[in-house]
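This report concerns only the one structure given below.
All values derive from a computational prediction rather than experimental measurement.
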Amino acid sequence: MLIAVRAEVEDVDAWREGFKTHGDLFKSQGVSVAYMGATEGNSVIGVFETDDVDEFMRIFNDPATAEAMEAFEKLMLQKKEKLIELNLQN
């Protein structure tokens with residue numbers, strides 16, 4: 001079964017990099033294939049093929065999953081802010 005998840009993110013490039021690091025999480029959800037995409041602006045989509053929808057949803061809705069995603073996004077925003085600060089100083 002295919003499951004699509006759409007979201008708004010602060011930084012599409014950071015989201016893409018983070019998405020690529022979640023292979024173990026996706027495997028634990030029974031995901032065999034994961035696709036990602038972005039539109040203009042900050043809209044992104046992940047499309048997942050899974051053979052275990054219940055397990056996918058259980059892990060997806062787990063507060064620990066949301067916390068991990070939020071922590072990664074904050075880290076990437078901090079790195080981006082430091083780079084901007086360094087560029088402004090030069």
>> Quick check: is Met1 connected to Phe26 through a chain of hydrophobic side chains (ILVMFWY, heavy atoms under 4.5 Å apart)?
In response: yes

> What's the spacing between Asp62 CG and Gln29 CD if we round to 0.5 Å?
Replying inline: 10.0 Å

> Near Asn61 CG, under 6.0 Å, is it more than 12 heavy atoms from other residues, nucleotides or ligands?
Replying inline: yes

> How close do Ala38 and Arg16 get, heavy atom to heavy atom, and via which atoms?
Replying inline: CB-NH2, 3.5 Å

> If you look at every heavy atom in Ser28 and Leu25, which pair is closest and at what distance?
Replying inline: OG-O, 2.6 Å

> For Asn42 and Val9, which heavy atoms make the closest approach, and how far apart are they?
Replying inline: CB-O, 2.8 Å

> For Gly46 and Phe19, which heavy atoms make the closest approach, and how far apart are they?
Replying inline: CA-CE1, 4.2 Å

> Can you tell me how far CD1 of Ile3 sits from CE of Met57, rounded to the nearest 0.5 angstrom?
Replying inline: 6.5 Å

> Using 30° and 60° as the class limits, which term best fits the ring planes of Phe60 and Phe56: parallel, tilted or perpendicular?
Replying inline: parallel

> Quick one: which of Val53, Val5, Leu2 gives a side chain to side chain contact (heavy atoms under 4.5 Å, CB included) with Phe48?
Replying inline: Val5

